[in-house]
Number of protein chains: 2
Amino acid sequence: MLNSQELNFEQIKGQAEEWTREAGQYIKKMMESSFSISTKAHQHDLVTDVDKNVEKFFLDKVAETYPTHRLMGEEGSFELINDLEGIVWILDPIDGTVNFVHQESNFAISIGIYLEGEPIIGIVFDVMGDELFSSIKGQGAMVNGQRLPKLARNSLNEAILSFNAGWMLKDRRLEKLVESSRGVRSYGVAALEMAYVACGRLDAYISFNLAPWDIAGGFALLQEVGGTATNYNGDPLNFLEKDTLIAANPGVYDEVIEVIHGEK
Amino acid sequence: MLNSQELNFEQIKGQAEEWTREAGQYIKKMMESSFSISTKAHQHDLVTDVDKNVEKFFLDKVAETYPTHRLMGEEGSFELINDLEGIVWILDPIDGTVNFVHQESNFAISIGIYLEGEPIIGIVFDVMGDELFSSIKGQGAMVNGQRLPKLARNSLNEAILSFNAGWMLKDRRLEKLVESSRGVRSYGVAALEMAYVACGRLDAYISFNLAPWDIAGGFALLQEVGGTATNYNGDPLNFLEKDTLIAANPGVYDEVIEVIHGEK
């Protein structure tokens, strides 16, 4: 049974934001102390260590503060989660690990807090850019304390999309999206790209291979601004296994689905 | 004849940086005051106004302080430049105008100051990200006052590249680069993408359609860190007309040229 403390979502969100900023400080410190040692083996060890330590940090904090909550993380070293009963924190300690190693920027901490499989709280933190996106069910989404407006329906020919060039080789239908949109970007960090859809910097983000922890935080944000997110076939997202993704402005979503699957 | 004041490059660079930051403040202020009015016509007017006013600002400052210097700008409303004799400031007041309008971030002010066609000073300023890249011939390149190291030769299979997905439809050879690199990004702002090559966040940036003002600042930065930049055919860059571009880490440049043009 969840007691009232464990269901006080505003308090939980404040706590999660505080821990996220604390983890961000830790990641920055680790990166700075590693600037002098830049062999590939060292970089790989660094990202592995930081990933594990940030997940452990959250696992300990959650267990101590909200003992009935569970945590599903990328590292998965602590417990296996096969269902979304009760409250589950779905965490990616570093989303965008290639950027982390190669760019020392453009990576994020992503957290989605789900109640019986439904998103309650979303947090996506661009650590180096110092932008914290957050949301709480029914209360809207914010970036650094500023409220994000509901998304107005955009049209594809005015839209900026985001997907990896590699996906174009796997599905040539994406070429039609290149031709019918205003432009295509790619940042290599799913959680942030979903946050960019939520704040209107992008109008759609598409990927063919994402895990629950890549998308759980961003999906919560999108729910609060009227964004749409499904898998590439248009089916509801699954937060227990890997899947494809279309996360989009509602107007652009409909046109993307039409270009990919439908007849005009 | 250029007098000593007009050839004091350190003084010129300091001055150019100061004007760039001042122009950045103006752009931010214009963007904030336009948040309330977001029709498409208004956005188009905003970018046109800001482009013109920033170019006029630099034109007046340069004419007043360095009367023999000339300025080549995107707006080109002031004088036509058909040669690069003497000292020419090659300015893009807003590189990444689509991002400016759509994202309110990820755009740059770019300046290259050239003496007899050779880059002497480079400045690329990410206005919203508050990152100022700068260089002076023979003295290296900096980002926000921190020195950028010379680029060590990277290999393509470890490289992060950047190009617009649209170019893949125009030249299928780019697909080979997608397959043989570590990843592809796209930011939609040439001057910043060249600066990212200079600081190692990217290993190559490719475009099929750029003007002198898009590349003049970034090329100056690259010269100072041992980066390589030519057009897509491998010919020297032309700072008087539009051309293609490969700007890259020196090791990655050689492999990119081999994949596109050569036999393995």
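Below, each value reflects all heavy atoms present in this structure, side chains not excepted, and no hydrogens, waters or symmetry copies. Naming convention: chains lettered A, B, ... in sequence-line order (proteins, then strands); numbering from 1 in each chain.
- Chosen from Ser181(B), Gly188(B), Gly129(B), the residue pairing most often with chain A at heavy-atom distances under 4.5 Å is Gly188(B).
- Note: Val184(B) leads Leu174(B), Leu161(B), Leu202(B), Val184(B) in heavy-atom pairs under 4.5 Å with chain A.
- In summary, the side chains of Arg185(A) and Asn99(B) do present a donor paired with an acceptor at a separation below 3.5 Å, with no hydrogens or angles considered.
- Contact check on Lys170(A) versus Glu175(B) returns no salt bridge, with no Lys/Arg side-chain nitrogen under 4.0 Å from an Asp/Glu carboxylate oxygen.
- To the nearest 0.5 Å, atom OH of residue Tyr196(A) and atom OG of residue Ser105(B) are 7.0 Å apart.
- Contacts of Asn106(B) with chain A are made by side-chain atoms alone, with heavy-atom separations under 4.5 Å and no backbone atom involved.
- Residue pairs meeting the salt bridge (charged side-chain N to carboxylate O under 4.0 Å, His left out) criterion with at least one member in residues 209-224 of chain A, sequence neighbours excluded, do not occur.
- The line from CG of Leu169(B) to CE of Met168(A) is 4.5 Å long, rounded to the nearest 0.5 Å.
- To the nearest 0.5 angstrom, Asn164(A) atom CG is 11.0 Å from Ser186(B) atom OG.
- Interatomic distance, CG of Asn154(A) versus NE2 of His102(B), reported as 6.0 Å (0.5 Å rounding).
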